[in-house]
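None of the values given here were measured: they were computed from a predicted structure.
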Amino acid sequence: MDLAFTEDEEDFRHRLRAWLADALPMLPNRPHPADWPGRRAYDCGWQRMLHDAGYAGLHWPRDAGGQGATPTQHLIFLEETERAGAPYVGAGFVGLLHAGPTIAAEGTPEQRARWLPPILRGDEVWCQGFSEPDAGSDLASLRTRAVRDGDTYVVSGSKIWTSHAEIADWCELLVRTAPINADTPKHRGITWLAMPMDAPGVTVRPLRTLAGTAEFAEVFLDEVRVPVGHRVGEENDGWRVTMVTLSFERGTAFVGEVVACRRVLEALARTAKANGRWDDAVLRRRLGRLAAECAALWRLTQWNVSEAQRTGGVPGVGGSVFKLRFSQVRQELYEAAAEVLGPDALDAGQEWVADRLSSLSYTIAAGTSQIQRNIVAERILGLPKGR
């Protein structure tokens with residue numbers, strides 16, 4: 001088996017490197033982490049640059065407005081942009097990595113034409129309205145209600161941990177369109193809607209995290225009217241559509257972060273050598289094991305991306321294997337960073353300290369580790385469901 005890059009793939013890498021070398025110096029200074037309007041403008045500006053250069057939605061299918069790149073080209077793009085220090089998707093991550101791919105896979109031609117081009121151009125930002133105060137890990141227990149009234153749904157309820165709600169134009173929203181009873185199990189009464197965030201009745205209250213930023217919010221919905229034409233999939237079939245969304249969230253949305261973790265690991269080794277902590281044999285073994293973990297995760301990423309391409313573009317349950325292990329490795333990486341920093345790990349202004357705080361959420365976000373273990377047990381290993 002020949003595992004070398006082809007001539008076309010090497011040419012793609014060289015062209016991308018050259019474009020990055022020209023494009024990155026044109027970016028303005030990064031805004032403060034707490035300046036979300038500034039971060040939206042910065043991230044969307046970068047997305048427009050990618051779009052104009054032909055790199056937006058690189059791995060999206062051509063009929064969804066993407067470039068139809070091969071899995072290898074997609075991975076080369078992630079490697080090169082991360083190594084060059086290019087911005088990640090940032091404020092656009094829900095649209096680019098979750099909602100957009102879901103609409104591409106499940107939306108009508110009209111829905112694709114309306115929502116996908118603005119996402120790819122960086123013109124519109126999406127947020128995710130899935131979790132609720134009483135429906136986090138048990139997402140199917142959500143209570144936000146949508147009642148059909150002619151050609152609209154009237155939506156009432158609340159969402160929590162809504163990513164980027166305060167700067168979003170649209171929300172991928174899960175609602176209950178059928179009550180839970182003996183005839184309608186909780187998974188079968190859910191519908192996936194695209195809700196405009198400027199609709200009357202939408203109230204957003206930002207939530208401040210442990211790291212001091214407010215990328216999440218509570219969203220309160222008071223008889224918000226959403227057109228039926230904004231429903232993706234059939235009424236009460238939203239749980240299946242949601243599984244498509246979550247497969248993207250767990251299977252391919254984190255792939256760029258694997259490269260970032262490998263870069264952080266290299267920087268930790270350099271810092272440890274500079275401040276004398278490299279002399280600690282236990283720390284060296286710890287960093288070596290993390291290097292092996294990151295290498296294995298990258299191989300799993302390559303497999304997941306290739307498998308998604310082979311099966312029509314939607315990642316499979318292998319994404320849960322990746323998400324489960326990546327969440328733990330990321331936490332272990334930044335615990336190692338604290339060990340390298342020593343007393344400086346208590347200084348919020350030091351590099352990696354904020355990342356360490358945010359890493360604590362990774363075993364909860366995008367499906368808790370307990371949920372991922374259940375998926376792996378039931379859908380991969382074929383174990384029976386717990387009683």
Side-chain angles (χ1 to χ4, degrees), residues 36 40 91-100 102-103 115 119 124-148 152-180 186-210 213-228 230-233 235-246 248-250 253 358 361-362 364-368 371:
W36 277 104
R40 171 184 166 135
F93 88 93
V94 173
L96 288 162
L97 304 181
H98 305 169
T102 301
I103 294 167
W115 287 312
I119 291 173
E124 292 180 344
V125 170
W126 285 63
C127 62
Q128 185 180 77
F130 282 15
S131 296
E132 298 182 5
D134 295 319
S137 298
D138 187 14
L139 182 59
S141 295
L142 64 90
R143 299 180 183 178
T144 294
R145 180 177 80 255
V147 178
R148 182 77 176 262
T152 65
Y153 289 104
V154 181
V155 182
S156 296
S158 67
K159 297 292 179 176
I160 199 167
W161 309 122
T162 307
S163 305
H164 303 323
E166 68 273 26
I167 57 169
D169 304 293
W170 293 90
C171 178
E172 52 173 3
L173 183 72
L174 295 187
V175 297
R176 181 160 298 286
T177 44
I180 300 173
K186 58 186 179 181
H187 295 81
R188 296 182 185 172
I190 293 171
T191 299
W192 200 107
L193 299 178
M195 181 186 71
M197 290 298 289
D198 61 356
V202 178
T203 301
V204 176
R205 295 180 186 171
L207 295 167
R208 189 164 299 279
T209 69
L210 181 65
T213 60
E215 61 263 37
F216 302 111
E218 291 180 282
V219 177
F220 299 91
L221 309 170
D222 183 11
E223 297 189 347
V224 180
R225 303 188 78 87
V226 179
V228 171
H230 289 186
R231 184 188 69 217
V232 176
E235 184 171 300
N236 298 329
D237 191 35
W239 187 253
R240 183 190 61 79
V241 179
T242 302
M243 292 303 101
V244 173
T245 304
L246 294 179
F248 285 114
E249 184 176 31
R250 296 164 183 168
S358 69
S361 69
Y362 272 63
I364 301 173
T368 66
I371 293 294

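- Here the closest heavy-atom approach between residue Lys159 and residue Thr162 is recorded as CB-OG1, 3.6 Å.
- Considering CG of Leu174 and CG of Leu193, their distance stands at 8.5 Å, rounded to 0.5 Å.
- No hydrogens or angles considered: nothing links the side chains of Glu172 and Trp126 as a donor-acceptor pair under 3.5 Å.
- The environment of Trp36 atom CH2 is dense: over 12 non-hydrogen atoms of other residues, nucleotides or ligands sit within 6.0 angstrom.
- The two residues Val94 and Ser163 make their nearest non-hydrogen contact at CG2-CB, 4.2 Å.
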Notebook entry, point to check: Met195 and Val175: side-chain contact (heavy atoms from CB on, under 4.5 Å), yes or no, with the steps?
Noted result: CA-CA 11 Å; Met195 181 186 71; Val175 297; over 6 Å; no
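- Side-chain atoms of Asp222 never come within 3.5 Å of backbone atoms of Gly201 as a donor-acceptor pair (strictly under, hydrogens ignored).
- A distance-only check finds no donor-acceptor pair linking the side chain of Arg143 to the backbone of Gly157 [under 3.5 Å].
- A distance of 10.5 Å separates CD1 in Ile119 from CG in Leu97, rounded to the nearest 0.5 Å.
- The two residues Thr177 and Glu235 make their nearest non-hydrogen contact at OG1-CG, 3.8 Å.
- Under the 6.0 Å cut-off for aromatic ring centres, His230 and Tyr153 do not qualify, their centroids lying 6.0 Å or more apart.
- Between the side chain of Arg231 and the main chain of Gly233, a donor-acceptor pair closer than 3.5 Å is present.
- The line from OG1 of Thr242 to CH2 of Trp192 is 8.5 Å long, rounded to the nearest 0.5 Å.
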Next item on the list: Go through the steps to decide whether Asn236 and Ile190 satisfy the test side-chain contact (heavy atoms from CB on, under 4.5 Å), and finish with yes or no.
Entry: CA-CA 5 Å; Asn236 298 329; Ile190 293 171; over 6 Å; no
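- Within a 6.0 Å radius of CZ in Arg205, no more than 12 heavy atoms belonging to other residues, nucleotides or ligands are found.
- Note: His164 NE2 to Cys127 SG = 9.5 Å, rounded to the nearest 0.5 Å.
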Note to self: With side-chain contact (heavy atoms from CB on, under 4.5 Å) as the criterion, how do Val202 and Leu221 come out once you've worked through the C-alpha distance, each side chain's angles and the decisive distance to 0.1 Å?
What the structure shows: CA-CA 5 Å; Val202 178; Leu221 309 170; 4.0 Å; yes
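- Expressed to the nearest 0.5 Å, how far OG of Ser131 lies from CD of Glu218 amounts to 12.5 Å.
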Item checked: Residues Thr102, Val241; criterion side-chain contact (heavy atoms from CB on, under 4.5 Å); working and verdict -> CA-CA 7 Å; Thr102 301; Val241 179; 3.7 Å; yes
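- Residues Val219 and Ala165 share a closest heavy-atom pair of CG2-CB, 3.8 Å.
- The nearest pair of heavy atoms linking Met197 to Val204 is CE-CG2, 3.7 Å.
- Put simply, CH2 on Trp239 and OG1 on Thr191 are 13.0 Å apart, with the number rounded to the nearest 0.5 Å.
- Side-chain contact between His98 and Phe93: present, with at least one pair of heavy atoms (C-beta onward) separated by less than 4.5 Å.
- Listed here is the closest heavy atom pair of Ala91 and Ile167: CB-CD1, 3.8 Å.
- Side chains of Glu132 and Thr144: a donor-acceptor N/O pair is present below 3.5 angstrom, by distance only.
- Not one N or O on the side chain of Arg145 forms a donor-acceptor pair closer than 3.5 Å with the backbone of Val154.
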